[in-house]
Amino acid sequence: MAGKKVGYDVLRDPTLNKGVSFSEDERKELKLVGLLPPRTQTLEQQVERQLTLLRRLNSPLDKFVFLQALLARTQRVFFKLMIENIVEVMPVVYTPTVGEACQNWGHILQFPRGLYISYKQKGSILEVLENWPTDDVRVIVVTDGERILGLGDLGCWGMGIPVGKLLLYNGCGGVYPEHTLPVQLDLGCDTKSIRADPLYFGLDMDRVRGAEYDAFIEEFVRAVQKRFGTACLIQFEDFAQANAARLLHKYQMDCCCFNDDIQGTAGVALSGVFGALRLPGVEKDLSKHTLLFYGAGSAGIGIADLIVDDLMEAFGMSREEAKRKCWFLDSKGLIYEGRASLTPEKLKYAHPNPPQIESKDLLSAVKALRPSILIGVSTIPNSFTTEVIQTMCEISERPVIMALSNPTSKAECTAEACYRVSNGKAIFASGSPFDPVTMPDGSVRVPAQANNAYIFPGVGNAIALCGAKHVTNQMFLESAKTLAELITDEDMAVECVCPSLSRVQECSAHISYRVCKMAEKQGLATRPIPKSVEEVQALFYNPAGSQK
Ligand SMILES: NC(=O)C1=CN([C@@H]2O[C@H](COP(=O)(O)OP(=O)(O)OC[C@H]3O[C@@H](n4cnc5c(N)ncnc54)[C@H](OP(=O)(O)O)[C@@H]3O)[C@@H](O)[C@H]2O)C=CC1
Ligand SMILES: CC(=O)C(=O)O
Ligand SMILES: [Mg+2]
């Protein structure tokens with residue numbers, strides 16, 4: 001029901017606007033007679049109309065702009081279209097197109113969405129949050145724009161990422177749109193070309209760093225708690241390495257928050273590894289594998305930390321023993337004990353007695369360390385060269401190769417290259433979508449999209465449902481196990497180590513249920529938890545249903 005709004009105030013409110021689907025009675029009651037064409041049409045017909053228009057567009061960026069405009073007009077049609085066409089729509093509203101959208105944010109923005117909180121508002125962040133029109137915000141995705149996908153510092157043009165992530169919360173994770181809030185913090189931008197763009201609308205200043213940065217984040221966190229309550233989940237997204245883990249450690253047990261690049265990515269990557277272990281020819285025992293990470297930032301260290309947690313839990317290994325299974329390369333080469341330029345996060349994986357290594361490059365490291373699992377989180381496109389893939393195949397019968405960097409232009413290798421060079425021996429997953437590949441023998445490989453989009457909507461939904469006080473690493477381990485259990489024999493038949501993307505909503509519901517149970521087990525749930533996956537699903541946002 002539309003409340004007190006009538007006429008164009010209804011049609012111009014995307015949360016109320018049903019367009020031509022308003023019934024005769026609603027049209028009379030809401031003073032819409034004459035403002036709409038005479039015949040009432042179904043939501044399905046509206047979706048069909050918009051889908052046809054969408055498919056007429058050729059460029060992914062034009063599709064992105066079209067869908068954002070649709071969302072700004074009518075939430076119901078947008079989300080129904082998105083949910084029913086998730087495999088087609090996700091690459092538009094999310095990676096890879098969201099990367100291009102962020103790079104062009106000042107050129108494509110047409111409708112306000114979310115909150116921009118700039119350094120000018122230091123000391124009055126709460127007042128900015130008060131401007132948000134609804135009180136019952138349960139999930140915030142916040143970025144400071146410094147590490148947008150693998151595209152670097154895009155300043156306040158990073159807003160596309162919180163917007164995109166929250167659309168997945170709504171469309172894949174069942175969280176009601178009115179309970180979500182995208183936030184862009186503008187603390188400056190160090191990419192001069194972005195600031196020089198005449199249409200850049202962020203602050204024209206170098207990034208704030210050090211104590212002033214920390215004080216701003218602290219003010220933001222406390223203002224969120226005051227405005228929306230301590231149960232409001234804060235998802236930190238696309239913060240640079242220097243801040244991501246630091247902020248997570250500071251706030252993880254202090255408020256209700258998590259870092260998606262560290263923890264969500266870990267959940268999906270570990271699930272992909274579990275999936276790979278099920279394939280023929282792969283050593284089933286994870287403790288017998290050696291993992292090499294190309295990139296030692298938020299994603300890489302996060303994945304390793306969760307693998308270590310699993311090795312300790314599943315095999316009774318000591319933390320030190322488990323950590324030694326994971327080796328890292330960063331931009332300066334192999335990480336080992338005593339090397340220069342080691343952050344506290346990298347120090348955890350700086351092992352003593354590294355093997356003799358010819359040079360600092362990846363191929364030399366692969367030859368020396370002989371990994372069976374190679375994980376790319378480096379932002380360096382095509383760094384998994386033919387030689388690297390061939391060497392992985394010489395080391396193991398079925399190497400696992402994950403090119404997780406986003407967007408597609410930053411992937412360490414393409415699916416096609418990985419399957420072709422390895423002659424189909426390699427098991428591949430990527431962060432951004434790649435098309436299925438037909439092998440010379442006619443068999444088909446479907447590359448898994450190992451993207452945290454499989455994890456965060458379900459985790460966030462669970463936190464909002466059960467009112468968890470904190471988000472724990474065990475919840476992400478549980479998410480990884482849950483997701484892996486949802487990989488079907490059909491997925492395995494095409495060597496896809498994630499459940500089909502078309503089932504992402506179902507995956508989120510299962511994850512949500514299991515995370516709720518974990519929250520209860522850990523004594524962190526403050527509300528009764530759903531009793532089944534079906535109960536979680538019944539609580540999902542349904543664009544065709546009535547507004548909450
Ligand atoms: N699939 C998914 O779900 C996810 C994918 N990602 C993607 O992973 C990538 C990395 O993200 P994140 O870890 O957060 O980023 P960070 O900036 O935290 O880390 C990037 C890492 O890559 C290293 N690196 C840069 N250049 C090289 C090089 N030439 N050789 C070796 N290592 C190099 C950096 O080295 P140094 O430390 O020396 O600077 C750093 O360790 C991004 O593209 C991101 O989009 C991230 C999260 C989720
Ligand atoms: C997927 C994601 O979170 C990233 O690439 O940063
Ligand atoms: Mg991210």
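Numbers here are sequence positions counted from 1. As the structure lists them, so they are numbered: ligands from 1, and atoms in each ligand from 1.
Ring planes of Trp327 and His351: perpendicular class, angle over 60° (limits at 30 and 60°). The aromatic rings of Phe428 and Tyr419 stand perpendicular to each other, their planes meeting at an angle above 60°, with 30° marking the opposite boundary.
Under the 3.5 Å distance criterion, the side-chain polar atoms of Asp361 are matched with a main-chain donor or acceptor of Ser364. Checked by atom type and distance alone, the side chain of Thr343 pairs as donor or acceptor with a backbone atom of Lys346 at under 3.5 Å. Looking at Tyr169, its side chain never comes within 3.5 Å of a backbone N or O of Pro177 through a donor-acceptor pair. A donor-acceptor distance shorter than 3.5 angstrom exists from the side chain of Ser405 to the backbone of Ser378, with no hydrogens or angles considered.
For the pair Asp310 and Lys481, the salt-bridge criterion is not met [side-chain N within less than 4.0 Å of a carboxylate O]. One finds no salt bridge joining Asp491 and Arg278 here, because no Lys/Arg side-chain nitrogen approaches an Asp/Glu carboxylate oxygen to under 4.0 Å. At a threshold of 4.0 Å, the pair Glu212-Arg209 does not count as salt-bridged, since none of the basic side-chain nitrogens sits closer than that to a carboxylate oxygen. Here Arg207 does not pair with Asp190 in a salt bridge; the nearest charged N to carboxylate O distance is not below 4.0 Å.
Closest to atom 41 (O) of ligand 1 among all protein heavy atoms lies Ala296 N, 2.8 Å. Among all non-hydrogen protein atoms, the one lying nearest atom 15 (O) of ligand 1 is Arg147 NE, 3.4 Å. The nearest heavy-atom contact from the protein to atom 5 (O) of ligand 2 is Asn406 ND2, 2.8 Å. Taking atom 20 (C) of ligand 1 as the reference point, the nearest protein heavy-atom neighbour is Val377 O, 3.9 Å. Nearest protein neighbour of atom 6 (N) of ligand 1, counting heavy atoms only, is Leu404 O, 3.9 Å. From the protein, the heavy atom lying nearest to atom 48 (C) of ligand 1 is Thr265 OG1, 2.9 Å.
By the criterion of a heavy-atom distance under 4.0 Å, both the backbone and the side chain of Asn451 are placed next to ligand 1. Proximity of Ala450 to ligand 1, defined as any heavy-atom pair under 4.0 Å, is confined to the backbone N, CA, C and O atoms. With a 4.0 Å heavy-atom cut-off, ligand 1 is reached by the backbone of Asn452 and by its side chain too. At a heavy-atom distance under 4.0 Å, no atom of Thr265 approaches ligand 2.
Listed by number with element, the atoms of ligand 1 under 4.0 Å from a non-hydrogen atom of Gly295 are 21 (C), 22 (O), 23 (C), 41 (O). If you number the atoms of ligand 2 from 1 as listed, the ones under 4.0 Å from a heavy atom of Asn452 come out as 1 (C), 2 (C), 3 (O). Atoms of ligand 2 lying under 4.0 Å from at least one heavy atom of Asn451, given by number and element, are 1 (C). Here is the list of ligand 2 atoms found below 4.0 Å of a heavy atom in Lys165: 1 (C), 2 (C), 3 (O). Listed by number with element, the atoms of ligand 2 under 4.0 angstrom from any heavy atom of Glu237 are 3 (O). Taking every heavy atom of Gly150 and a limit of under 4.0 angstrom, the matching atoms of ligand 1 come to 42 (C), 43 (O), 45 (O). The distance from ligand 2 to the heavy atoms of Arg147 drops below 4.0 Å at these ligand atoms: 6 (O). With ligand atoms numbered from 1 in the order given, ligand 1 contributes 13 (O), 16 (P), 18 (O), 19 (O), 21 (C), 40 (C), 41 (O) to contacts under 4.0 Å with heavy atoms of Gly297. The ligand atoms of ligand 1 that sit less than 4.0 angstrom from a heavy atom of Asp261 are 47 (C). If you number the atoms of ligand 1 from 1 as listed, the ones under 4.0 Å from a heavy atom of Gly431 come out as 1 (N). Each of the atoms 12 (P), 13 (O), 14 (O), 46 (C) of ligand 1 lies under 4.0 Å from some heavy atom of Ala299. Residue contact check: Ile380 has heavy atoms under 4.0 Å from atoms 26 (N), 27 (C), 28 (C), 29 (N) of ligand 1.
Rounded to the nearest 0.5 angstrom, Cys326 SG and His289 NE2 are separated by 12.0 Å. Between Phe64 atom CZ and Tyr94 atom OH the span is 12.5 Å, to the nearest 0.5 Å.
For a distance bound of 2.8 Å, the N, O or S atoms of Glu237 include one lying that close to the Mg ion (ligand 3).
Under a 4.0 angstrom heavy-atom cut-off, Asp261 registers as being in contact with ligand 2. Distances shorter than 4.0 angstrom occur between a heavy atom of Lys346 and an atom of ligand 1. Contact analysis puts Tyr94 in contact with ligand 2, with a non-hydrogen atom separation below 4.0 angstrom.
Between Tyr294 and Asp330, the side chains place no donor N or O within less than 3.5 Å of an acceptor N or O (distance only, hydrogens not considered). Side-chain contact check for Gln263 and Asn473: at least one donor-acceptor pair (N or O, by modelled atom type) lies under 3.5 Å. Side-chain contact annotation: Tyr251 with Glu218, donor-acceptor N/O pair under 3.5 Å present.
In terms of polar-atom proximity, Ser298 is counted as a contact of ligand 1, with an N or O under 3.5 Å from an N or O of the ligand. At least one N or O atom of Tyr294, backbone or side chain, sits closer than 3.5 Å to an N or O atom of ligand 1. The distance criterion of under 3.5 Å between nitrogen or oxygen atoms is not met by Thr379 with respect to ligand 1.
Ring pair Phe236/Phe239: centre-to-centre distance below 6.0 Å. Taking the ring centroids of Phe476 and Phe258, they lie under the 6.0 Å cut-off.
Nearest residue to atom 35 (O) of ligand 1 from Gly267, Ser432, Ser331 is Ser331 (criterion: closest heavy atom). Atom 40 (C) of ligand 1 has its nearest heavy-atom neighbour, among Gln241, Lys410, Glu345, in Gln241. Here atom 4 (C) of ligand 2 lies nearest to Leu149 when heavy atoms of Val268, Leu149, Leu404 are compared. In this structure, of Ser409, Ser378, Ser405, Gly99, the residue bringing a heavy atom nearest to atom 25 (C) of ligand 1 is Ser378. Across the listed options Ile303, Thr343, Asp330, Ile301, Asp330 owns the non-hydrogen atom lying nearest to atom 32 (N) of ligand 1.
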(request) Could you go through the salt bridge (Lys or Arg N to Asp or Glu O under 4.0 Å) check for Asp435 and Arg445 one step at a time? (result) CA-CA 9 Å; Asp435 287 337; Arg445 301 279 192 285; over 6 Å; no

(message) Show, in sequence, the C-alpha distance, side-chain angles and deciding distance for Ile401 and Ile427, and conclude whether the side chain to side chain contact (heavy atoms under 4.5 Å, CB included) test is met.
(response) CA-CA 6 Å; Ile401 298 180; Ile427 295 151; over 6 Å; no

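Considering the Mg ion (ligand 3) as centre, the angle to OD1 of Asp261 and to OD1 of Asp238 is 90° (10° rounding).
For Cys257 against Leu233, the heavy-atom pair with the smallest separation is CA-CD1, 3.9 Å.
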